[in-house]
2 protein chains.
Amino acid sequence: MGKAPTIREVARRAGVSVATVSRVMNGRGSVSEKTRQTVGEAIRETGFRPNVIGRGLKTARSGTLGVLMPSLRNPIFADAVQGIERAAEAGGYRILLTSSNYLPDKEVAAIDVLLCNRVEGLVLTVADESTSQALDFLDRSHVPFVLVFNPARTADHSIVTIDNVAAARDIVGRLVRMGHRRIAMIAGDSQASDRSNLRRAGYEQALVDGGLRPSPVIEVGFDSRDLVRHCRFLLSCDPGPTALFCSTDMLAIAGIRGFAALGLRIPDDISVVGFDGIEVGECMSPSLATVVQPAEDMGMRAVEHLLERLNAGAPAKNLTLPYRLRHGESWAKPREATAPTGTPV
Amino acid sequence: MGKAPTIREVARRAGVSVATVSRVMNGRGSVSEKTRQTVGEAIRETGFRPNVIGRGLKTARSGTLGVLMPSLRNPIFADAVQGIERAAEAGGYRILLTSSNYLPDKEVAAIDVLLCNRVEGLVLTVADESTSQALDFLDRSHVPFVLVFNPARTADHSIVTIDNVAAARDIVGRLVRMGHRRIAMIAGDSQASDRSNLRRAGYEQALVDGGLRPSPVIEVGFDSRDLVRHCRFLLSCDPGPTALFCSTDMLAIAGIRGFAALGLRIPDDISVVGFDGIEVGECMSPSLATVVQPAEDMGMRAVEHLLERLNAGAPAKNLTLPYRLRHGESWAKPREATAPTGTPV
DNA sequence: CGCTAAAGTGTAAACGTTTACAAAGACAGC
DNA sequence: GCTGTCTTTGTAAACGTTTACACTTTAGCG
C-alpha cells in the first residue's frame, strides 16, 4: 500500500510549486497554458488524487452532509435517502449516513459523531420532533439542518413534510364516505414516531367528521410483521370493523396478510388502507390504497433547500409538499353498505 | 455561526498545553487525575468537539468506509446498507454512501470521489463484476474493498455473496419436482446485473436437470413495475407456462400482479417465485416463495471482514453465505399435475 | 541528601491542502 | 530607458490535530 502521491510530488515532477498545481486543479488564479499542460500530465502520471481531508482542513469545508434516518428497512426512508443522495451528488456534496433505529439516544450520539466529522449540514428524521433532545442539541450547534417527515417545531426550522393530519383525515374520510361505519386503526409505536400520532389525529378527526364514535387504536411496534393476532382481535369485536387504516404501508401490507390468513378477502370482506406510498404497495395484488408521500422528492428538496441555506444564506423554511392518494384495490364499499349518517356522497 | 472551539482554546482554558488535551481525549500517554478533571471541565464548558478532519490529516486515517450500491429503491440493497452501517458503527467507522443507479460510468466516478475522500476501504456492488472498469480502477488504488452480491472475479478479491447459480437451480428444481413442465423466466437487465445472469444459468441448469427444454427468457429493465404485457405474452404461448421464476423479488411481485390483473389466481393457476427474500414478500398475501439472501447480514459480514483486513492485515477471502428458501404461498403443484420425467420426488 | 526512574507536561514538527502576499517577468506607452 | 500594469509563479503561513522528544517534577531508595 504505497502512500498516495501528494500535491508536492506532482509539483516536483512538473517542476513547479505546489501553489501552481493547486491553481491548476481548482481553476483559480491564472496559469499559463503551457504550465497547465505540464501539470496536467504530472497529475496523470502520478495518479494524483487531491486529498479532500487536507483541503477540508484548510478551507474549513468538509463537502459532506450528514444524514440520519430511523432505519433503512422501511422503504419510505430508503427512498428518501435515495433522493438525498442524488441531490447531494448533484450539488457536489457527499453524504455520511447513519441510522438511529428509532432510538432517541442513538439519535443524539449519531448527530454528535456527524458534527465531529464537520458535516456542513444535516438532513434527518427524528423519532419525535416535539421531545427530541437531538434537535435541542442540534439547535445549539448552529449547523443548519432540515427535518424530513417530521412536523415543524417552530417556523424557523427547515422541514420538508406533508400534512399528515390532513392526509390521514382525507383517506379515512373517503372510507367513511364509501359507507364504512366501523373503521379500525393500527398505529406504529407513537413513542417512536410523531407521524404515527398525527395520522392518528387525522383518523380521529375523520371519524368525528363522519359522526362516528372513535374506536380504540391498536398500537404495535414498527417491526411488527405478523398482525394476525391483532386482526383476530378486531374481528372478535362485536360489530367487527369493515375497514382498517394503518399508519404505515408496511403495517397495512401485514394487515392484509393477517386478514387473508383468517380467510377474509380484501377488499370484499374488509378494506385496508395504508400510509406512505411505498412502491411495492403498488406492485402487489391487491394494490394498496394509500396516501403517497413523494419520499424521494422530499429527500431531494430537503438537500436543495439545505444547500441554498449553506451557499446562499437562504432562511429556513417549512416546506409542505402535496400528498397524493393512490386509489388502489384494497378498499371498496362495505358489503352491508349503509349510507353514512352525514351528507350523502 | 461562531467558529467551533478548537483544542487550543480548551488548552488555554484549562491552563495546559494542547498535547495534554489530546492525551486526555485519546487516553494515550499519562495524565494526572487532577489535570484530567480540569481538561474534562474545559471540554464541557467550551462545548469542544474534536475535529476529525484535523485528526485525520495527522493520523492519515479518515475513519470512513465508502459504500457504493446500484440503488436504494430495491430493498435488498437498502437492507445491505443497513447492515453495513450497523457494522461500521460498531467498529467506530462512518460510511460515505453513494449510488450508481446501475450505470458503470457512475460507478467509476463515484469510486473516484470516495478515494479522494480517503475512505479506508469500500463495500460495493457493481453492475457486472466481470466487465467492471470500476474494479480495475479499484485494484490499482490499493484500497481494500469487499464486493457484496457480486460473484468473485478472482480468489484474491474479498466478496460476500451467496451461490446464485445453485440457489436458482434449487428453487427452480423444486418447481420441476412439483410437477411443473413449462417454467418461464423474467430476468432483470443482464447488462446491469451479473446476478441476473447467474440466476438465469441456475434456472437453465434446473430445466436441463429435469429434462425440460429451455424456454426463452424475457429480459426487462430493473425498474419495470408493470409486467402485465409480458404476462399476457407468456399466456399467449401455445402451452402457456405453469410457473414463473423471476430474477428478483420486485419483479416477482410485479409478476404476481400482472397475472392477477389477467384474472389468474396465484398459485392455483400459476406459480410465481422470486429471488432475494425482501421482507415485504413475506408480509404480502400470498407470501412470496423465494430464495432468501441474508442481505443485512451480508452487509455486516462485509464490513467485519473489511475491518479485519484493515486492522489486522487479514487476507482477502471469498465468503459464500448459505441462502435459505422461503416456502411461501405463491407456488403449488400445477393443476394438471404430471409427474416429472426424472426421479419422482 | 543524592541518585535514578517514573510520571506528568510542554514544544514543535508534521499531515496535505489553499491562499495572501511577494516577486519576477513581459509588455506597452511615454 | 523608465515607469506602470498585468500575468505568471513562488514562498510560507495557516487549518486542527497527534506525537516524538525533551524537560520538569515527584517518588523511591540507599
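Being a predicted model, the structure only gives us computed values, none of them experimental. Here is the naming used below: chain letters follow the sequence lines, and residue numbers restart at 1 for every chain.
- A side-chain donor from one of E33(A) and Q37(A) sits under 3.5 Å from a side-chain acceptor of the other.
- The phosphate of dT18(D) has OP1 or OP2 within less than 4.0 Å of a side-chain N or O from S22(B).
- A salt bridge between K106(A) and E89(B) is present, with a side-chain N of the basic residue lying under 4.0 Å from a carboxylate O of the acidic one.
- Using a 3.5 Å distance cut-off with no hydrogens or angles, the side chains of S32(A) and T35(A) do pair a donor with an acceptor.
- As a whole-Å value, the separation of M25(A) CE from dT19(C) P is 11 Å.
- Put simply, T6(B) has no side-chain N or O that comes within less than 4.0 Å of OP1 or OP2 on dG16(D).
- For T35(B), no side-chain nitrogen or oxygen approaches OP1 or OP2 of dG8(C) to under 4.0 Å.
- S32(B) comes within contact range of the sugar-phosphate backbone alone, with a heavy-atom separation under 4.0 Å but no base atom that close.
- Although no hydrogens or angles enter the test, the distance criterion places no donor-acceptor pair under 3.5 Å between the side chain of S100(B) and the main chain of E107(B).
- In summary, of the residues considered (T125(A), N150(A), T131(A)), a side chain to side chain contact (heavy atoms under 4.5 Å, CB included) with D194(A) occurs for N150(A) alone.
- Per the geometry, CD1 belonging to I7(A) stands 19 Å off P belonging to dA14(D), to the nearest Å.
- In terms of phosphate contacts, R8(B) brings no side-chain nitrogen or oxygen within less than 4.0 Å of OP1 or OP2 of dG16(D).
- Using a 3.5 Å distance cut-off with no hydrogens or angles, the side chains of T46(B) and E9(B) do not pair a donor with an acceptor.
- With dC15(C), dT19(C), dT11(D) as the choices, the nucleotide that has an atom nearest any side-chain atom of K58(B) turns out to be dC15(C).
- Residue contacts for V16(A): at a heavy-atom cut-off of 4.0 Å it reaches the sugar-phosphate backbone alone, with no base atom in range.
- Counting to the nearest Å, the C1' atom of dC15(C) and the CD atom of E9(A) are 13 Å from each other.
- Contact annotation for R49(B): backbone-only contact, meaning every heavy-atom pair under 4.0 Å involves sugar-phosphate atoms and none involves a base.
- Distance, R23(A) CZ to dA20(C) C1': 11 Å, rounded to whole Å.
- Between R118(B) and R36(B), the residue anchored closer to the 5' end of DNA chain C is R36(B), taking for each the nucleotide with the nearest heavy atom.
- Among the nucleotides dT11(C), dT17(D), dC15(D), the one closest to the side chain of N51(B) is dT17(D).
- To the nearest angstrom, C1' of dA7(C) lies 14 Å from CD of E33(B).
- Residue contacts shown for T59(A) are limited to sugar-phosphate atoms, with no base heavy atom under 4.0 Å away.
- Checking dG8(C), dT18(D), dT17(C) against the side-chain heavy atoms of S30(B) singles out dG8(C) as nearest.
- Put simply, CZ on R55(A) is 17 Å from C1' on dA14(D), counting in whole angstrom units.
- Positionally, the nearest nucleotide of DNA chain C for V31(B) lies more toward the 5' end than for the other of V31(B) and A19(A).
- Phosphate contact (OP1/OP2 of dT18(C), side-chain N/O of N26(A), threshold under 4.0 Å): present.
- What separates CD1 of I53(A) from C1' of dG16(D) is a distance of 13 Å, to the nearest Å.
- Protein atom CZ of R28(B) is 18 Å distant from nucleotide atom C1' of dA7(C), rounded to whole Å.
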